[in-house]
Amino acid sequence: MFALSRPQETAPSAAHPAVAAQSLTLLATALLWRRRAKTRSQLARLNERQLQDVGLTLEQRNAEIAKPFWR
């Protein structure tokens, strides 16, 4: 007689490493964009004295906070 067997179940990352890699890349990109947006928001709140403490000018700050989060 013939024995029926089920195909082995595998985790999605093991079955499709390219999909798992793309998912991780997407997550890493989203986290990077979030960190940039938050950092620029915090930078926008610094006064001139605080900017001097971190070694930035108003022009440098303005140039940085004018960038979109994806750059």
Side-chain angles (χ1 to χ4, degrees):
M1 292 249 172
F2 292 101
L4 296 176
S5 63
R6 286 191 222 165
Q8 289 184 340
E9 303 252 345
T10 57
S13 60
H16 304 288
V19 172
Q22 287 176 340
S23 297
L24 289 175
T25 300
L26 181 60
L27 176 62
T29 301
L31 291 173
L32 173 64
W33 287 354
R34 181 179 172 202
R35 186 174 68 230
R36 284 180 183 164
K38 184 176 182 177
T39 301
R40 290 175 182 157
S41 174
Q42 292 170 339
L43 185 59
R45 292 189 295 255
L46 297 180
N47 62 34
E48 281 190 69
R49 175 70 178 139
Q50 292 167 322
L51 288 170
Q52 283 180 337
D53 286 346
V54 296
L56 292 175
T57 65
L58 280 172
E59 293 79 21
Q60 290 171 318
R61 184 215 32 202
N62 292 339
E64 186 63 31
I65 64 175
K67 292 179 185 178
F69 66 88
W70 60 87
R71 291 180 66 219

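Position 1 is the first residue of the sequence, and the numbers go up from there. Scope of the values below: all heavy atoms of this structure, side chains included, with no hydrogens, waters or symmetry mates.
A side chain to side chain donor-acceptor pair (under 3.5 Å) check over residues 28-39, counting only residues at least two apart or in different chains, returns nothing.
When the side chain to side chain contact (heavy atoms under 4.5 Å, CB included) test is applied to Glu64, the partners found at least two apart in sequence or on another chain are Arg40, Leu43, Lys67. Applying the side chain to side chain contact (heavy atoms under 4.5 Å, CB included) rule to Ser41 yields the partners Arg45; only residues at least two apart in sequence or on another chain are considered. Checked against side chain to side chain contact (heavy atoms under 4.5 Å, CB included), Arg71 has the following partners two or more places apart in sequence or in another chain: Pro68. For Gln22, the side chain to side chain contact (heavy atoms under 4.5 Å, CB included) criterion is met by no residue, not counting sequence neighbours.
Cluster note: Leu31 groups with Leu27 through ILVMFWY side-chain heavy atoms spaced under 4.5 Å, whether in direct contact or through intervening members.
The minimum heavy-atom distance between Leu56 and Gln60, with the atom names listed, is CA-OE1, 3.2 Å.
The CD atom of Gln50 sits 11.5 Å away from the CD atom of Gln42 when rounded to the nearest 0.5 Å.
Residues Leu26 and Trp70 do not share a hydrophobic cluster, clusters being chains of Ile/Leu/Val/Met/Phe/Trp/Tyr side chains in contact below 4.5 Å.
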Determine whether Leu51 and Leu58 satisfy the following criterion, side chain to side chain contact (heavy atoms under 4.5 Å, CB included), listing intermediate values before the conclusion. CA-CA 7 Å; Leu51 288 170; Leu58 280 172; 3.6 Å; yes
